[in-house]
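See structure below.
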Amino acid sequence: MTTVKVFDGHNDFLLRLLRDPANRETTFLTDTGQGHLDLPRMRQGGFAGGFFAIYISSPAPAPETDLMAQMNNPPYALPLPEEVPLSEAQPVALAMAGHLKWMERASDGQFKICRTSAELRHCLDHDIIAAIMHIEGAEAIGPDLDALYLFHDMGLRSLGPVWSRPTAFGHGVPFAFPASPDSGPGLTAAGKDLLRLCNRMGILFDLSHLNEAGFNDVAALSDAPLVATHSNAHAIAPSSRNLTDRQLGMIRDSDGMVGVNFATGFLNADGRKTSDQGFDAVLRHLDHLITQLGEDRVGFGSDFDGAEVPAKLKDAARLPALCDALRAHGYDETLLAKICHENWLAVLERTWRN
Ligand code: ZN
């Protein structure tokens with residue numbers, strides 16, 4: 001079977017570079033067997049590109065690390081870390097944007113930060129890995145929003161106002177299982193201003209990590225398709241991070257899109273993070289999302305290098321095995337191409353309008 005090109009809705013590879021900048025060349029350019037992504041394994045697996053997240057960790061000792069460990073034992077309802085101030089977040093965000101720019105230079109033409117749909121299509125047609133600069137949690141942008149113009153100039157084309165921790169712009173979902181995403185207030189006034197400006201500038205406004213009130217605020221105000229870059233179906237796995245059928249209906253009606261998250265804690269029906277299972281849970285979510293959204297509004301949002309993924313999907317090099325599992329499940333090549341990259345390209349074209 002031919003390898004299908006996979007364009008992906010979310011990864012945290014930049015966090016690996018941030019944590020070990022001295023070894024970034026080895027981390028990016030060689031197959032170290034560590035983590036999920038690097039240039040050789042992207043090439044091997046047909047990873048054609050995706051959203052590269054700029055994400056600010058909470059100060060050490062990173063509380064989210066402990067919280068993630070607790071997610072091994074559902075039911076759980078974890079508190080969220082404190083807000084991170086602008087003065088701490090902005091230098092980190094700049095460093096991560098710099099790492100992405102470095103990747104482009106170090107790749108010798110094999111990796112490019114894309115700013116338009118035409119650039120994305122050109123990269124996919126010419127086997128250049130296409131990166132979208134994405135911010136996950138807008139702590140690095142002040143209430144005057146001026147920094148958004150600067151990040152846009154650097155190449156930013158996608159932004160989530162919150163990672164689950166609260167920001168000046170809104171409230172995310174606390175990690176809880178089983179739990180509803182309806183967990184508190186939505187966007188702040190500044191968050192609504194940020195949404196309007198993202199709409200005007202053609203920056204995708206990501207719904208993953210927003211709670212239900214924030215989701216509703218975006219749905220009411222946005223003039224762009226509703227997109228959750230890395231979330232799953234609440235009907236299959238009732239995690240607070242997953243989307244209810246009501247939310248999926250709103251995404252469908254906006255001609256938006258959902259990227260299926262490979263994080264086992266959001267895939268598994270029992271909420272467990274065990275990674276000893278194969279592709280069955282991914283298939284269950286895909287089937288449900290296709291039923292709710294149609295074939296044109298579903299893709300992948302791997303969470304590679306940011307989450308524990310199914311053992312069979314060990315890293316980007318294993319993406320062809322996932323594609324084979326979709327074929328064995330009855331998906332034809334047309335549907336496979338839509339899920340693997342066509343739907344992402346189309347929704348970005350509808351969102352960026354260029
Ligand atoms: Zn995330």
Side-chain angles (χ1 to χ4, degrees), residues 7-19 35-37 50-58 62-65 67-71 76 78 80-81 83-84 89 92-93 96 100 131-140 156-167 169-177 179 181 183 203-212 214-215 218 226-234 237 239-243 247 251 257-268 271 273 282 285 299-310 313 316 344:
F7 188 86
D8 177 55
H10 187 91
N11 76 70
D12 289 298
F13 181 74
L14 293 175
L15 205 50
R16 286 179 56 207
L17 298 189
L18 183 80
R19 286 176 174 158
H36 302 138
L37 291 171
F51 293 64
F52 284 70
I54 292 171
Y55 158 77
I56 314 299
S57 294
S58 289
E64 59 263 50
T65 309
L67 297 182
M68 294 303 159
Q70 290 179 54
M71 288 172 67
Y76 58 82
L78 310 179
L80 285 170
E83 281 191 42
V84 176
V92 179
M96 294 181 85
L100 189 66
I132 294 176
M133 188 190 289
H134 169 75
I135 282 183
E136 182 178 42
E139 286 93 347
L156 184 81
R157 291 296 182 273
S158 174
L159 169 149
V162 294
W163 174 76
S164 289
R165 177 184 58 206
T167 68
F169 304 108
H171 303 266
V173 276
F175 295 95
F177 191 100
S183 60
I203 296 171
L204 186 148
F205 200 82
D206 185 15
L207 294 161
S208 286
H209 287 280
L210 269 177
N211 63 16
E212 194 160 3
F215 181 104
V218 178
L226 299 176
V227 175
T229 56
H230 59 306
S231 294
N232 293 337
H234 197 270
S239 161
S240 56
R241 270 282 280 108
N242 290 342
L243 298 157
Q247 292 175 306
I251 290 172
M257 166 130 184
V258 175
V260 169
N261 192 319
F262 299 161
T264 53
F266 307 143
L267 281 175
N268 292 338
K273 275 178 66 185
V282 178
H285 284 274
F300 296 132
S302 70
D303 228 336
F304 276 150
D305 284 327
E308 209 169 306
V309 303
L313 202 50
W344 269 125

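When a ligand or atom number is given, it counts from 1 through the structure's own listing order.
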**Study point:** side-chain hydrogen bond (donor to acceptor under 3.5 Å, both in side chains) between Asp206 and Thr229, worked out
**Key:** CA-CA 6 Å; Asp206 185 15; Thr229 56; 2.6 Å; yes
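- Aromatic ring pairs are classed by plane angle as parallel below 30°, tilted from 30° to 60° and perpendicular above 60°; the pair His209 and Trp163 is tilted.
- The aromatic rings of Phe304 and Phe262 sit perpendicular to each other, their planes meeting at more than 60°, with 30° as the lower class boundary.
- For His230, the N, O or S atom closest to the Zn ion (ligand 1) goes by the atom name NE2.
- Looking at Glu136 and the Zn ion (ligand 1) together, the shortest N, O or S contact belongs to OE2.
- The Zn ion (ligand 1) has no N, O or S atom of His10 under 2.8 Å away, backbone or side chain.
- Aromatic pair Trp344/Phe300: centroids not less than 6.0 angstrom apart.
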